[in-house]
Colleague: 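Input: one structure, supplied below.
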Amino acid sequence: MSLYNIYFSPTGGTKKVADTIASQLDKDHIDLDMIKKPDAVEKLKLDQNDICIISVPSYGGRVPAIVLEHLNKTVGNGAKIILVAVYGNRHIDDTLIELYDSLNNRGFFCLAAIEAVAEHSLMHQFAAGRPDTKDKNELYNFAVQIKLALKEDRNYSKLHIPGSHHYKEYNGVPIKPITTSRCNKCGICAEECPVNAISKDNPQNTDKEICISCMHCVSVCPEKARQTSKIMTFVASQKFKKVCSGRKENKLYLN
């Protein structure tokens with residue numbers, strides 16, 4: 001039996017959540033980063049004794065399309081999965097149910113699902129500093145409950161996953177990273193862009209039609225030369241201030 005910790009975490013928040021859960025379930029888990037090792041994820045052929053924690057950020061209440069592209073090439077063969085949707089203090093909407101539907105079709109059996117809060121990747125004032133100590137303690141407790149469930153004969157088919165099968169429409173956000181004069185064309189952003197939206201020949205050029213605004217390039221740039229429009233970000237933050245304010249809680253869905 002192997003435990004796989006599979007995650008898509010452009011700015012690190014989803015990885016923090018995933019690592020917290022995985023470390024409690026099995027300290028010898030296998031990490032698979034969908035940004036750095038997408039090929040390894042696509043080549044996964046599991047068996048019924050394996051367990052996968054699959055953690056993704058919620059983008060507009062949906063699973064990022066690039067994540068589904070990678071996961072839809074895996075072979076479950078009856079492996080058990082723990083689904084984790086991480087959001088920036090608004091709502092997960094249909095993220096978990098879309099992830100569940102996709103992986104159920106690949107031969108996985110969903111044991112549990114979690115929605116967890118992490119600092120917003122674009123508007124950092126929302127859920128700032130999360131997952132914090134309280135979050136991590138809750139996630140540890142979720143993992144303990146999941147460990148107990150793994151020892152029992154549970155009916156996975158009756159797991160309640162929040163969301164609608166008529167997935168919420170999501171067409172991306174207009175805020176895209178731009179390059180400043182500090183760019184030295186090192187190419188790290190282009191190399192690590194999960195959708196290849198940044199030119200490898202000239203990293204200062206970004207295809208805005210392809211870019212998914214995941215902010216990974218902003219996160220990994222050693223020169224801090226990638227950023228978003230302060231005016232557009234401020235306007236967006238004002239728009240979402242009401243729905244993203246206050247402390248949202250983590251939730252566990254388990255039979």
Colleague: Is there side-chain contact between Met34 and Leu71, with heavy atoms separated by less than 4.5 Å?
Modeller: yes
Colleague: With a 4.5 Å heavy-atom cut-off, do Cys244 and Arg90 have their side chains touching?
Modeller: yes
Colleague: Is there a donor-acceptor pair under 3.5 Å between the side chain of Asn250 and the backbone N or O of Val117?
Modeller: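 It does hold such a pair.
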Colleague: Kindly indicate whether the side chain of Gln227, heavy atoms from C-beta on, has any atom under 4.5 Å from the side chain of Thr180.
Modeller: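 With C-beta onward as the side chain, the pair touches.
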Colleague: With a 3.5 Å cut-off and no angle check, do the side chains of Thr14 and Ser55 form a donor-acceptor pair?
Modeller: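 Ser55 and Thr14 do not have a side-chain donor-acceptor pair below 3.5 Å.
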Colleague: Angle between ring planes, Tyr170 versus Tyr59, binned at 30° and 60°: parallel, tilted or perpendicular?
Modeller: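 Judged by the thresholds at 30° and 60°, the geometry between Tyr170 and Tyr59 is tilted.
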Colleague: Answer whether the closest heavy-atom distance between the side chains of Gln24 and Val144 falls below 4.5 Å.
Modeller: yes
Colleague: Any sub-3.5 Å donor-acceptor pair from Asp50's side-chain atoms to Lys80's backbone N or O?
Modeller: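 No; judged by distance alone, with no hydrogens or angles, the pair does not exist.
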Colleague: Report yes if some heavy atom in the side chain of Thr179 is under 4.5 Å from a heavy atom in the side chain of Pro203; otherwise report no.
Modeller: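 No, their side chains stay 4.5 Å or more apart.
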Colleague: Any heavy-atom pair between the side chains of Glu119 and Asp132 that's under 4.5 Å?
Modeller: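 Contact flag for Asp132/Glu119 side chains = no.
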Colleague: Does any donor atom in the side chain of Tyr167 or Asp101 lie under 3.5 Å from an acceptor atom in the other side chain?
Modeller: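 Looking only at side-chain atoms, Asp101 and Tyr167 do form a donor-acceptor pair, the distance falling under 3.5 Å.
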Colleague: For Lys73, does its backbone N or O pair with a side-chain atom of Glu42 as donor and acceptor, under 3.5 Å?
Modeller: no
Colleague: Is it true that Asn89 and His120 share a donor-acceptor pair across their side chains at a distance under 3.5 Å?
Modeller: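 Note: His120 and Asn89 side chains miss the donor-acceptor criterion.
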Colleague: Any side-chain heavy atom of Thr95 within less than 4.5 Å of one from Tyr87?
Modeller: no
Colleague: Judged by modelled atom types alone, do Ser102 and Asn72 share a side-chain donor-acceptor pair under 3.5 Å?
Modeller: yes
Colleague: CG/Asp39 to CG/Leu44 distance, rounded to the nearest 0.5 angstrom?
Modeller: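 With rounding to 0.5 Å, CG (Asp39) is 11.5 Å from CG (Leu44).
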Colleague: Using only atom types and a distance under 3.5 Å, with no angle test, would you say the side chain of Asn5 pairs donor to acceptor with the backbone of Ala22?
Modeller: no
Colleague: Any side-chain heavy atom of Pro222 sitting closer than 4.5 Å to one from Ile188?
Modeller: yes
